[in-house]
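What you see below is based on every heavy atom in this structure, not just the backbone, and it leaves out hydrogens, waters and symmetry mates. As the structure is a computational prediction, the values presented were derived from the model and not from experiment. Reminder, nothing fancy here: chain letters follow the sequence lines and each chain counts from 1.
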Amino acid sequence: MKILVCISHVPDTTSKINFTDNDTKFDTNGVQFVINPNDEFGLTRAMWFKEKQGATVDIINVGGPETEPTLRKALAIGADSAIRINTEALDGYQVAKELSAVAKEGNYDLIIAGRESIDYNGGMVPGMLANLIGASFVNTCISLEVDGETATAIREIDGGKETVSAKLPLVIGGQKGLVEESDLRIPNMRGIMMARKKPLEVKEPQGAEIETKAVSFEKPAPKGEVKLVSPDNLDELINLLHNEAKVI
Amino acid sequence: MAETADKKDILRGGQFLVKETACEDVFTPEDFNEEQKMMKETVKEFVDREIVPHKERFEHKDYALTEEVMRKAGELGLLGIAVPEEYDGLGMGFVSTMLVCDYISGATGSIATAFGAHTGIGTMPITLYGTEEQKRKYVPKLATGEWFGAYCLTEPGAGSDANSGKTKAELSSDGKTYKINGQKMWISNAGFCNVFIVFARIEDDKNITGFIVENDPSNGISLGEEEKKLGIHSSSTRQVFFNDTVVPVENMLAGRGEGFKIAMNALNVGRIKLAAACLDAQRRVIDMGVKYANERVQFKTPIAKFGAIKSKLAEMATNAYASESASYRAAKNIEDRIAIRLDSGASHSEAELKGVEEYAIECSILKVAASEDMQNCADEGIQIFGGMGFSADAPMEAAWRDARISRIYEGTNEINRMLAVGMLVKKAMKGHVDLLNPAMAVGEELTGIPSFDTPDYSEVLSEEKAMVAKLKKVFLMVAGSAIQKYGPELEEHQQLLMAASDILIEIYMAESTILRTEKNVKRFGEDAQKEQIAMAQLYLYHAVDIITQKAKEGIVSFAEGDEQRMMLMGLKRFTKYQNQPNVIALRNLIAEKVTSENTYPF
């Protein structure tokens with residue numbers, strides 16, 4: 001089985017978020033980057049397939065050279081080789097288009113992406129990618145088994161779960177549940193040393209058109225002070241909600 | 001990895017005192033390569049996952065948990081970092097070894113101790129002194145965590161005076177085995193180890209001899225109860241009794257009578273690694289301290305906003321930054337020195353031994369400085385937490401108790417202080433470090449007319465660098481005169497040696513801090529390093545104070561009349577700032593950064 005895992009390079013969840021250039025650009029200064037958590041669940045599941053059923057695991061990312069440490073970490077965890085498409089990731093369609101060229105060429109049986117990346121949370125790439133390469137698609141995937149040419153996946157739906165079966169090739173938008181947090185792997189020292197020797201191919205982009213542009217970003221207002229209102233003073237509560245918070 | 005410009009040019013141990021180091025020639029934590037950064041993240045993740053959630057169990061004497069975590073560390077390859085690849089280790093350089101030791105030791109002293117005892121003094125004597133057969137037999141097991149090691153040197157009557165042990169090794173009549181009898185105490189990892197490195201005396205030898213002894217209760221080996229200790233509650237510490245324990249002659253380490261040398265060299269490595277083991281522990285205490293200070297509200301204000309707390313956070317961060325700067329500077333010197341030895345055809349073990357031995361002075365300096373920084377950090381950590389800090393339910397109490405042992409083991413800080421100066425004097429006698437000429441130059445400067453020029457200190461950190469150069473003169477003046485006065489009997493004047501040692505320590509720490517910052521200012525710009533510049537200045541300010549006090553103490557003890565007056569005048573001249581630093585403003589700047597980032601951000 002040939003597996004391709006899409007790896008987004010995203011700020012650590014505890015990072016402080018700031019913007020520059022008149023609130024049009026994310027300020028990466030001092031930010032620690034990690035493998036997108038949804039992708040890491042997928043990568044870990046891919047390692048399971050590799051070890052239990054036999055598979056090769058390639059990883060791919062659309063981004064500049066600054067994303068390579070994230071790819072190296074995925075290699076240290078156990079992926080076999082990495083591809084970086086050398087262009088800044090600007091919107092979902094562009095990323096999906098760039099990925100699709102490699103995905104088609106590589107004849108992958110299974111393409112595992114995260115449901116969404118935790119930076120811009122677009123959530124569009126896996127679906128678009130599946131469409132562009134004509135593969136089946138299961139989103140919000142929380143369990144995945146493969147038997148021969150058929151995959152059985154469980155997806156989270158509103159208030160429950162849905163079990164679907166699909167023919168390979170398949171693209172999934174994965175999340176926690178594919179594996180649990182306790183299954184996530186810390187790269188071992190030998191893996192880190194080996195990662196240096198594994199192939200990391202840099203491909204020039206197709207030049208996919210960019211359809212959207214971020215005009216500006218805005219941070220939520222900082223949390224204000226909590227005001228405690230006595231239960232006997234409902235008038236005051238209504239007054240505050242109406243005149244100050246302006247929510248009623 | 002940032003390569004040192006010319007490896008032949010790297011400073012020899014102790015030479016920092018008489019030669020100027022260019023900032024480009026020091027290695028800093030900002031020079032970690034991609035692989036080292038990944039190792040750092042891996043170890044931090046390991047600690048956050050395997051140790052932090054179980055902090056409470058570590059405080060309740062859960063020795064099995066320590067063993068379990070050590071085994072998991074072995075699975076990740078963390079126990080074999082320094083072990084050559086042919087013995088199933090990873091054969092990584094000294095900086096990487098320090099880095100792993102640094103980050104694995106951050107959350108509990110119990111693991112710091114078990115890790116240090118196993119990888120350092122439990123494994124290294126075999127990798128460094130073992131025969132090929134001994135290495136093949138034991139090292140792969142130790143490097144992977146299949147087996148654990150412990151080091152049996154200390155006895156009830158032989159602590160700091162390690163060569164005075166009473167444990168005996170007696171050769172059998174057929175010449176095939178030794179019979180070991182004796183009692184060892186404070187043996188870390190004793191409860192779960194498979195191999196002991198045991199030091200014993202053969203007949204009436206002047207020096208002790210090392211043996212590799214497998215832990216087999218049926219071979220006359222028994223253990224005392226777990227010791228009741230102030231800290232490191234889940235580090236197994238027991239007495240080990242050898243009662244007619246039979247050891248094959250081929251298990252002797254190195255030659256007969258070479259045990260003391262092995263013991264001392266293993267301790268050199270142990271000392272610098274202990275300094276590393278005090279680094280992440282400081283970072284984590286600062287993290288917990290600042291988070292608490294940002295959340296704890298008194299007088300309707302988060303206490304982090306109060307000057308009294310800011311001062312603590314700034315000083316804690318500054319000391320942590322200084323101990324990082326000096327530890328990794330020395331680590332890279334050792335790595336480069338090992339590489340030079342390997343290039344010239346030395347075996348791995350010979351290269352490593354000589355490489356570390358070369359910097360034995362720095363190892364002692366770092367052991368003392370980092371362990372005391374750690375203790376102060378934890379102490380102020382408690383203070384920031386106030387009453388809560390005194391409670392075992394809050395994290396500072398354990399950090400403080402665990403920190404305490406670091407000032408004692410691997411040679412007490414008192415022994416290490418005296419060793420640092422003692423070794424320097426020996427190096428000078430051997431001609432490895434020229435102290436005499438610089439000391440004479442200082443002597444001439446003292447009797448000459450001081451320059452009245454006003455130096456140009458407009459460049460960033462230039463006054464600080466000039467100050468360090470002057471502080472080196474203070475050491476040369478005090479130590480040089482003391483050697484002249486007392487000759488070999490200087491050894492008897494321990495208080496004077498300790499004072500000289502404090503001067504030496506402060507010089508090395510302050511210089512390392514300044515050089516790291518200068519290097520980073522050149523790379524990342526002054527604005528990006530403004531807090532680091534402040535820390536270098538703040539550290540130096542305290543160093544100048546300590547040095548002034550210690551030098552005075554020394555001078556007055558051995559010089560009288562005109563000589564004393566002249567030296568005190570010199571001291572004044574060598575510790576004088578042109579621009580007095582505003583330490584309150586420096587602390588505010590540093591604390592602002594720590595509190596706004598809500599972590600130790602450097």
Hey, does B:R523 have a side-chain heavy atom less than 4.5 Å from the side chain of B:E30? yes
Less than 6.0 angstrom from the centroid, inside 45 degrees of the normal: does A:R45 satisfy that with respect to the ring of A:F49? yes
Identify whether the distance between the nearest side-chain nitrogen and carboxylate oxygen of B:D88 and B:K141 falls below 4.0 Å. no
Hey, are A:E156 and A:K161 close enough for a salt bridge, meaning a charged N less than 4.0 Å from a carboxylate O? no
Run B:D280 and B:R284 through salt bridge (charged side-chain N to carboxylate O under 4.0 Å, His left out) and show every step you take. CA-CA 6 Å; B:D280 202 45; B:R284 283 182 188 257; 3.0 Å; yes
Does the pair A:E105/A:K203 count as a salt bridge with the N-to-O cut at 4.0 Å? yes
By a 4.5 Å heavy-atom criterion (distance strictly below it), what part of B:E35 contacts chain A: side chain, backbone, both, or neither? both
Is the closest basic N to carboxylate O distance between A:E40 and A:K176 below 4.0 Å? no
Those residues of residues 178-191 of chain A, ordered by number, that approach chain B below 4.5 Å (heavy atom to heavy atom): A:E181, A:S182, A:L184, A:R185, A:I186, A:P187, A:N188, A:M189, A:R190
Cationic N near anionic O, under 4.0 Å, B:D31 to B:K519: yes
Quick one: which residues of residues 75-83 of chain B reach chain A at under 4.5 angstrom, heavy atoms only? B:E75, B:L76, B:G77, B:L78, B:I81
Residues in side-chain hydrogen bond (donor to acceptor under 3.5 Å, both in side chains) contact with A:E244, at least two apart in sequence or another chain: A:K227
Choice from B:K37, B:R49, B:E41, B:E597 maximising heavy atom contacts with chain A below 4.5 Å: B:R49
With chain A as the partner chain, list the residues of residues 286-304 of chain B whose heavy atoms fall under 4.5 Å from it, by residue number, and write 'none' if nothing qualifies. none
Look at the aromatic rings of A:H9 and A:F33 and report parallel, tilted or perpendicular, splitting at 30° and 60°. parallel
Please confirm whether the ring centroid of B:Y328 lies under 6.0 Å from the ring centroid of B:F32. yes
Pairing of A:E201 and A:R84 as salt bridge, 4.0 angstrom limit: no
Decide, yes or no, whether a salt bridge links B:D102 with B:R283 under the criterion of side-chain N to carboxylate O below 4.0 Å. yes
Is A:R72 close to chain B through its backbone or its side chain, or both, or neither, when contacts mean heavy atoms under 4.5 Å? both
Under 4.5 Å between any side-chain heavy atoms of A:I35 and A:K73, yes or no? yes
